[in-house]
Trainee: 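The following block contains the structure, expressed as structure tokens.
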Amino acid sequence: MHLDCIRKFMIDYISNLLNFLYSTVDFLEDKKLVTKINKSNINIDFASKSKRGDVSSNFYLIVNKKIIDSKYNLKKFLSDQISKLTFIEKFEISDTGFININFKKEYIIDHLKKIIKINSNYGNSQYGKNEKINIEFVSANPTGPITIAHLRGAVLGDVLGSILEKSGYLVTREYYVNDSGSQIDILSNSLYKRYQQLYKFEINIDENEYPGEYLIEIAKKIKDDYGDIWLDEDKKKTNNFFKKFAIENIIKDIVYDLNLLKIKFDIFSKESEIVNKNLIEEVFSILKDKNLLYEGYLDKPIADDSENWESRKQLLFKSTQIFDDRDRAFKKANGEWTYFANDAAYHLDKYKRNFDKLINIWGADHIGYIPRMRSVVSAITNKNDYLEILNCQIVRLIKDNQILKMSKREGNFISLKQVFNLVGKDPLRYFMISTRSETSMDFDLNKVVQKNKDNPVFYCQYAYARVSSVINKSKELGITIDSFSEYENIKNYFSNEEIEIILKLISYPFILYQSAKFKEPHRLINYIEDLSSTFHSFWNKGKENESLRLIDKENITKTQSKLVWLSAFRIVLKNIFEIIKIEPTESM
RNA sequence: GCGCUCUUAGCUCAGCUGGAUAGAGCAUCGGUUUUCUAAACCGAGGGUCGCAGGUUCGAAUCCUGCAGAGCGCGCCA
């Protein structure tokens with residue numbers, strides 16, 4: 001239940017109240033006035049839209065049910081107790097049973113001051129207790145440039161990493177490079193053909209090979225650096241060289257492209273190195289010891305309508321015994337390890353690097369792969385929740401009301417770089433995490449390109465710019481809060497609208513905590529849109545009502561009071577922008 | 001056929017893990033600029049929360065069934 005977390009980690013403006021409610025429960029239970037109460041059902045709602053108080057609680061509703069003596073007047077007892085709380089200005093117990101509470105303004109302002117003091121660390125928590133957490137994401141095969149198919153997972157992983165860092169985790173961002181296997185051989189061969197073409201050999205790229213033009217560029221590099229020496233070289237040597245060259249250059253491009261979006265990795269793990277470390281044998285013996293391997297036959301896959309299916313004896317992993325709905329091949333019939341076996345070994349490698357937890361971010365096309373991976377990791381680590389796999393649904397790309405279909409094979413994919421050039425970093429990052437990752441998403445190129453209110457990222461940046469503009473303008477007038485010490489008076493200058501904004505500001509740590517706990521960055525987006533909207537709304541009220549304007553040259557203390565919450569506002573927005581990695585623009 | 005994910009306003013999506021009258025943006029219609037940035041604001045219309053049961057003081061939220069959509073379902077990688 002999240003209330004325990006509030007108490008442990010943050011929002012002491014709520015935790016005082018919560019402690020009071022809990023101790024009231026204890027008291028009532030001790031006096032045998034109520035039957036046993038499950039405290040986790042008691043809720044404090046501090047972002048309620050009903051707005052019948054700064055916060056509200058269902059305490060009365062829950063406790064009233066548990067009263068033993070029906071003549072006992074809980075309402076009166078509760079009212080007497082709440083009246084004694086020094087930080088509460090007023091309260092009511094509504095007919096429907098909710099307690100609505102308004103805090104004293106001094107109390108709220110105390111917390112506001114803290115924001116300015118803590119500044120860029122505001123919102124951070126120790127929720128993660130310095131646990132080492134590994135996020136593996138993107139991990140696109142090094143067979144071509146990174147495309148927009150990887151975009152969502154890329155931004156999600158990066159932002160989630162930042163959220164977890166702010167929440168007290170030690171985060172490693174990792175990219176797994178699938179640099180071995182038959183696809184890489186095909187890649188190498190495709191590259192060699194492009195190389196030969198540069199020397200006017202008439203060679204066609206076959207249907208199952210990689211036709212993309214990027215290989216021509218790489219082939220040119222080889223020609224420039226090495227000339228024609230590979231035309232007559234030993235075949236094996238040539239193949240190895242082209243393989244290595246292709247992967248190195250493609251990864252270099254991938255790193256470059258991701259960097260356009262400010263996405264960086266701490267480590268690139270290569271499949272080839274995992275293979276060389278003999279980790280597969282280790283996984284093999286772990287599974288063998290647990291009696292999770294056997295020689296058997298797989299059923300014919302249902303999706304396969306071909307007639308040439310042949311049932312063959314091979315080594316299988318009993319994943320059904322853990323999470324999966326069918327057993328999975330661990331060795332091919334010819335005795336080679338399967339890709340899955342490699343992947344299991346890779347996860348053993350991560351486990352051996354002493355992470356407390358692993359997170360994988362996978363696209364929708366790997367959904368079916370999740371149960372076997374979780375099964376094998378569970379078998380290796382003896383922990384069911386050691387590996388958490390977040391899956392993100394596809395992004396449909398829409399242009400001119402048409403869904404763009406992509407196929408890597410036909411070479412008509414849209415690269416990340418193309419979309420970046422079209423849209424730019426900020427809208428791209430913002431949009432990719434603005435909805436829950438499990439929801440499939442439509443990405444309308446026409447709309448995102450627009451730099452107007454269709455594009456919510458500008459809406460938030462605009463709020464930041466407006467706030468900055470006031471702060472900067474005040475500074476020009478010589479008004480700052482650098483040596484401001486009259487905090488006890490500032491409440492006199494705050495309207496209800498401003499108190500509302502301040503309440504939102506002091507609930508930010510909880511929003512961040514929730515984003516970390518549920519691994520849902522989009523909660524931050526909802527929050528800043530709400531915050532920005534409240535601000536813009538307030539701003540415009542100043543047009544009609546001059547007393548709501550922020551700068552008053554005649555009244556320095558009043559202006560400074562405003563600057564206190566404006567500074568806090570700017571800090572919160574800036575901290576979130578930093579997590580999302582979009583630019584805090586002071587003027588637009 | 002099986003598995004995972006999803007279904008909320010005309011469209012794109014939230015809904016704080018069970019609370020009070022279900023909310024934004026876009027689109028539509030109507031208003032607001034001698035003013036700290038109108039890239040903004042205010043107002044109006046628009047809903048059987050896919051359908052049907054169940055759990056309880058209380059359900060968009062939890063459970064079951066059904067329908068629909070997306071993705072996946074070699075020993076490929």
Side-chain angles (χ1 to χ4, degrees), chain A residues 1-2 41 43 45-50 52 56 58 61-62 64-65 94-98 100 141 143 178 180-184 271 298-304 306 309-310 312 314-316 324-326 328-334 336-340 342-343 363-371 391-394 396 434-436 438-442 444 447 450-456 458-459 461-463 465-467 469-474 507 510-511 514 517-518 522-523 525-527 529-530 533 536-544 546 549-552 559 562 587-588:
Chain A
M1 200 53 207
H2 66 269
N41 287 334
N43 205 357
D45 190 352
F46 57 88
S48 171
K49 281 164 193 144
S50 51
R52 297 183 205 183
S56 60
N58 61 355
L61 220 48
I62 303 283
N64 200 33
K65 264 197 309 196
S94 75
D95 296 339
T96 46
F98 290 92
N100 297 311
N141 287 350
T143 52
N178 297 123
S180 68
S182 58
Q183 288 305 309
I184 299 299
E271 185 184 357
L298 284 175
D299 294 334
K300 179 177 172 172
I302 284 145
D304 190 343
S306 66
W309 165 260
E310 195 182 329
R312 281 184 279 193
Q314 62 193 125
L315 189 68
L316 302 178
D324 214 344
D325 60 343
R326 69 171 65 187
R328 304 293 174 177
F330 204 74
K331 262 187 182 179
K332 302 177 193 175
N334 66 8
E336 288 173 19
W337 302 111
T338 59
Y339 175 81
F340 168 62
N342 277 0
D343 217 356
D365 53 343
H366 285 81
I367 286 175
Y369 202 74
I370 293 174
N391 92 287
C392 58
Q393 289 294 323
I394 52 160
R396 284 194 309 179
S434 62
T435 63
R436 281 167 59 231
E438 302 89 50
T439 314
S440 60
M441 172 163 91
D442 289 345
D444 190 325
K447 273 191 182 169
Q450 294 173 27
K451 303 206 171 190
N452 58 25
K453 59 188 168 180
D454 279 4
N455 206 338
F458 289 99
Y459 185 83
Q461 285 174 317
Y462 188 42
R466 275 182 158 174
V467 171
S469 138
V470 175
I471 293 173
N472 292 337
K473 180 142 190 169
S474 304
S507 65
F510 184 69
I511 306 294
Q514 278 191 315
K517 182 178 181 191
F518 299 115
H522 77 275
R523 287 167 190 265
I525 300 286
N526 291 340
Y527 175 72
E529 283 185 12
D530 178 48
S533 161
H536 285 307
S537 179
F538 173 74
W539 176 281
N540 275 64
K541 280 183 182 147
K543 291 184 190 302
E544 287 160 19
E546 239 173 270
R549 300 236 185 117
L550 296 163
I551 296 177
D552 184 347
T559 306
K562 309 288 180 187
S587 63
M588 296 179 73

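Lettering follows sequence order; numbering is per chain, from 1. These values consider heavy atoms only, across backbone and side chains, with no hydrogens, waters or symmetry-generated copies.
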Trainee: Output the single nucleotide from B/C36, B/A38, B/A77 whose closest atom is nearest the side chain of A/E271.
Mentor: B/A77
Trainee: Could you check which of B/C71, B/A20, B/C36 has an atom nearest any side-chain atom of A/S56?
Mentor: B/A20
Trainee: Counting only distance, no hydrogens or angles, is the base of B/A20 paired donor-acceptor with the side chain of A/D95 under 3.5 Å?
Mentor: no
Trainee: By nearest atom, which of the nucleotides B/G70, B/A77, B/C16 is closest to the A/Q393 side chain?
Mentor: B/G70
Trainee: Please determine, for B/C4, whether a Watson-Crick or G-U wobble partner exists with both distances under 3.5 Å, and give it or none.
Mentor: B/G70
Trainee: Over all strands shown, is A/R312 touching base, sugar-phosphate only, or nothing at heavy-atom distances under 4.0 angstrom?
Mentor: base
Trainee: Counting the atoms with a prime plus P, OP1 and OP2 as sugar-phosphate, which does A/T435 contact under 4.0 Å by heavy atoms, base, sugar-phosphate, or nothing?
Mentor: sugar-phosphate
Trainee: Which of these nucleotides, B/G19, B/C4, B/C16, is closest to any side-chain atom of A/I367?
Mentor: B/C4
Trainee: For A/S94, which contact category applies under a 4.0 Å heavy-atom criterion: base, sugar-phosphate, or nothing?
Mentor: base
Trainee: As a test of reading the structure: which of B/G19, B/A14, B/A38 is closest to the side chain of A/N58, going by heavy atoms?
Mentor: B/G19
Trainee: Paired with B/C49 by Watson-Crick or G-U wobble geometry, both distances under 3.5 Å: which nucleotide is it?
Mentor: none
Trainee: With syn defined as a glycosidic angle within 90° of 0 and anti as the rest, where does B/G74 land?
Mentor: syn
Trainee: Does any nucleotide pair with B/G18 by Watson-Crick or G-U wobble geometry, both distances under 3.5 Å, and what is it?
Mentor: none
Trainee: Determine which nucleotide pairs with B/G23, using a 3.5 Å limit on both distances of a Watson-Crick or G-U wobble pair.
Mentor: B/C13
Trainee: A/R328 side chain N/O closer than 4.0 Å to the phosphate oxygens (OP1, OP2) of B/C73?
Mentor: no
Trainee: Name the nucleic acid region contacted by A/L61, choosing base, sugar-phosphate or nothing; use a 4.0 angstrom heavy-atom cut-off, strictly under.
Mentor: base
Trainee: Classify A/Q183 by what it touches in the nucleic acid, base, sugar-phosphate, or nothing, heavy-atom distance under 4.0 Å.
Mentor: sugar-phosphate
Trainee: Please evaluate the base of B/A69 for a donor-acceptor partner in the side chain of A/S440 within a cut-off of under 3.5 Å?
Mentor: no
Trainee: Across the strands shown, which category fits A/F518 at heavy-atom distances under 4.0 angstrom: base, sugar-phosphate, nothing?
Mentor: base
Trainee: Does the side-chain contact (heavy atoms from CB on, under 4.5 Å) test come out yes or no for A/D343 and A/Y369, once each step is laid out?
Mentor: CA-CA 11 Å; A/D343 217 356; A/Y369 202 74; 3.6 Å; yes
Trainee: Looking at B/A77, B/A14, B/A38, which one has an atom nearest to any side-chain atom of A/R466?
Mentor: B/A38
Trainee: Base, sugar-phosphate, or nothing: which does A/Y369 touch, judged by heavy atoms less than 4.0 Å apart?
Mentor: base
Trainee: Let's test this: given Watson-Crick or G-U wobble pairing with both distances under 3.5 Å, identify the partner of B/C41.
Mentor: B/G31
Trainee: Any strand counts, and the cut-off is 3.5 Å on both contacts for Watson-Crick or G-U wobble. Which nucleotide pairs with B/A60?
Mentor: none
Trainee: Please determine, for the side chain of A/D325, which listed nucleotide (B/G19, B/C76, B/G3) has the closest atom?
Mentor: B/G3
Trainee: Just checking A/I471: base, sugar-phosphate only, or nothing, at a heavy-atom cut-off of under 4.0 Å?
Mentor: nothing
Trainee: What nucleotide among B/C73, B/G74, B/C36 has an atom nearest to a side-chain atom of A/R326?
Mentor: B/C73
Trainee: Is B/U33 syn or is it anti, if syn means the base angle is within 90 degrees of 0?
Mentor: syn
Trainee: Compare the minimum distances between each of B/A77, B/G74, B/C71 and the side chain of A/S182, then state the nucleotide with the smallest one.
Mentor: B/A77
Trainee: May I ask you to say what A/A329 touches in the nucleic acid, namely base, sugar-phosphate or nothing, with a heavy-atom cut-off under 4.0 Å?
Mentor: sugar-phosphate
Trainee: Out of B/U17, B/C75, B/C41, which has the shortest distance to the side chain of A/T338?
Mentor: B/C75
Trainee: Looking only at atom P, what distance separates B/A9 and B/A52, rounded to whole Å?
Mentor: 16 Å
